[in-house]
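Below: one structure, written as structure tokens.
The chains referred to below are lettered A, B, ... by the order of the sequence lines, with proteins before strands, and numbering in each begins at 1. Being a predicted model, the structure only gives us computed values, none of them experimental.
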Amino acid sequence: MTVRLVETEAYLGPEDPAAHSARGRTARNEPMWGPPGHLYVYRIYGIHDCVNVVCGPGTKPEAVLLRAGEVTEGEELARRRRGPKPATARLAAGPGNLGRALGIGRDLSGADLLTGPVSLLLGTPPPAVASRPRIGVGYAGAWATRPYRFVIPNDPHLSRR
DNA sequence: AGGATGATGAAG
DNA sequence: TTCATCATCCTA
């Protein structure tokens, strides 16, 4: 199953109050302190599993949250996991939905993107990328309005319509 | 506008 | 051991 990403958010590390790594190193966020190119998956609101890619440089605990995408392959499988209700374009619209559609749960937190069951592919660059404030981080003070959310403008697969 | 639903981290 | 807090989604 493949998703083409259309929306991501950057979480910059301990100095970023919205990043999980800002509250110190714990068993949950342990993968953030590891090498780049690994998954960090956590559960939010008791329901949704959110998928992050751990980034560099080095072992600085930064990560990128995968927020939305278009299912480009394996729609049958995605729909089996998401159920019959959502419109096709909404199968992976939103972090919880994307994790669910891809079948990525916390069991894959820490998995290596090079050798594990999940891979990150590089495609042709999008025609345009815009940046906006991140979603759901209003508590983060001045950092809440920084434009660390990256979207392909007007893409129908974004997390909100 | 609000409820679902449970792990996490900090406090007692 | 309890408690507040969530990087959300859906129905209404």
Side-chain angles (χ1 to χ4, degrees), chain A residues 1 3-34 36-57 59-71 75 77-111 113 118 120 129-161:
Chain A
M1 210 220 106
V3 155
R4 169 190 143 252
L5 295 173
V6 301
E7 177 178 350
T8 62
E9 281 178 0
Y11 288 84
L12 301 212
E15 73 269 31
D16 174 4
H20 285 183
S21 53
R23 266 87 67 191
R25 186 171 184 161
T26 67
R28 176 179 64 158
N29 62 30
E30 178 64 26
M32 289 192 78
W33 271 267
H38 291 241
L39 291 178
Y40 166 45
V41 185
Y42 65 90
R43 174 155 293 184
I44 192 64
Y45 300 120
I47 300 181
H48 307 287
D49 287 340
C50 295
V51 182
N52 297 254
V53 174
V54 176
C55 298
T59 56
K60 186 173 184 219
E62 300 184 343
V64 168
L65 169 65
L66 278 26
R67 284 194 57 90
E70 172 191 7
V71 176
E75 182 186 325
L77 181 53
R79 186 163 288 288
R80 198 176 315 153
R81 299 199 265 234
R82 292 279 284 111
K85 307 214 166 187
T88 300
R90 312 259 88 207
L91 284 174
N97 292 338
L98 181 135
R100 174 64 61 102
L102 282 166
I104 299 177
R106 285 170 300 162
D107 53 316
L108 287 178
S109 194
L113 288 169
V118 180
L120 193 57
V129 176
S131 58
R132 310 233 182 294
R134 294 175 292 187
I135 304 287
V137 295
Y139 61 87
W143 288 73
T145 53
R146 295 194 181 186
Y148 295 152
R149 174 177 176 236
F150 301 93
V151 304
I152 298 179
N154 292 71
D155 194 290
H157 309 90
L158 292 175
S159 65
R160 12 188 89 181
R161 56 173 189 163

Before giving the answer on side chain to side chain donor-acceptor pair (under 3.5 Å), spell out for A/Arg90 and A/Asn97 the whole-Å C-alpha distance, their side-chain angles and the decisive distance to 0.1 Å.
CA-CA 8 Å; A/Arg90 312 259 88 207; A/Asn97 292 338; over 6 Å; no
Sidechain-backbone polar pair: A/Arg67 side chain, A/Ile135 backbone, donor-acceptor under 3.5 Å
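A pair under 3.5 Å: no.
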Looking at A/Val41, is its backbone amide N or carbonyl O close enough to the side chain of A/Ser109 to form a donor-acceptor pair, meaning the two atoms are under 3.5 Å apart?
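Judged by distance alone, yes, a pair lies under 3.5 Å.
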Taking NZ, NE, NH1 and NH2 as the nitrogens, is one of them in A/Arg132 or A/Glu7 under 4.0 Å from a carboxylate oxygen of the other?
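Salt bridge between A/Arg132 and A/Glu7, a charged N being under 4.0 Å from a carboxylate O: no.
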When you check the gap from the basic side-chain N to the acidic O, do A/Arg134 and A/Glu9 get nearer than 4.0 Å?
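Here A/Arg134 does not pair with A/Glu9 in a salt bridge, since their nearest N and O are not under 4.0 Å apart.
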OH of A/Tyr40 to SG of A/Cys50: how many Å apart, nearest 0.5 Å?
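One gets 9.5 Å once the value is rounded to the nearest 0.5 Å.
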Side chain to side chain, A/Val53 and A/Leu113, heavy atoms closer than 4.5 Å
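SC-SC contact between A/Val53 and A/Leu113 confirmed.
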Complementary nucleotide of B/dG9, counting Watson-Crick and G-U pairs under 3.5 Å
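Base partner found: C/dC3.
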Within the structure shown, what part of the strands sits under 4.0 Å from A/Arg82 by heavy-atom distance: base, sugar-phosphate, or nothing?
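Answer is sugar-phosphate: A/Arg82 comes under 4.0 Å of backbone atoms only.
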Might you confirm whether atom CZ of A/Arg149 has over 12 heavy atoms from other residues, nucleotides or ligands at distances under 6.0 Å?
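Yes, because the 6.0 Å sphere around CZ of A/Arg149 holds more than 12 heavy atoms from other groups.
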For DNA chain B, what residues of residues 140-150 of chain A have any heavy atom nearer than 4.0 Å?
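Result for residues 140-150 of chain A: none.
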Just how far, in rounded Å, is P of B/dG9 from CD of A/Glu30?
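After rounding, the gap between these two atoms is 11 Å.
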With B for base contact, S for sugar-phosphate-only contact and - for none (protein heavy atoms under 4.0 Å), nucleotides 3-8 of chain C reads ---BBB
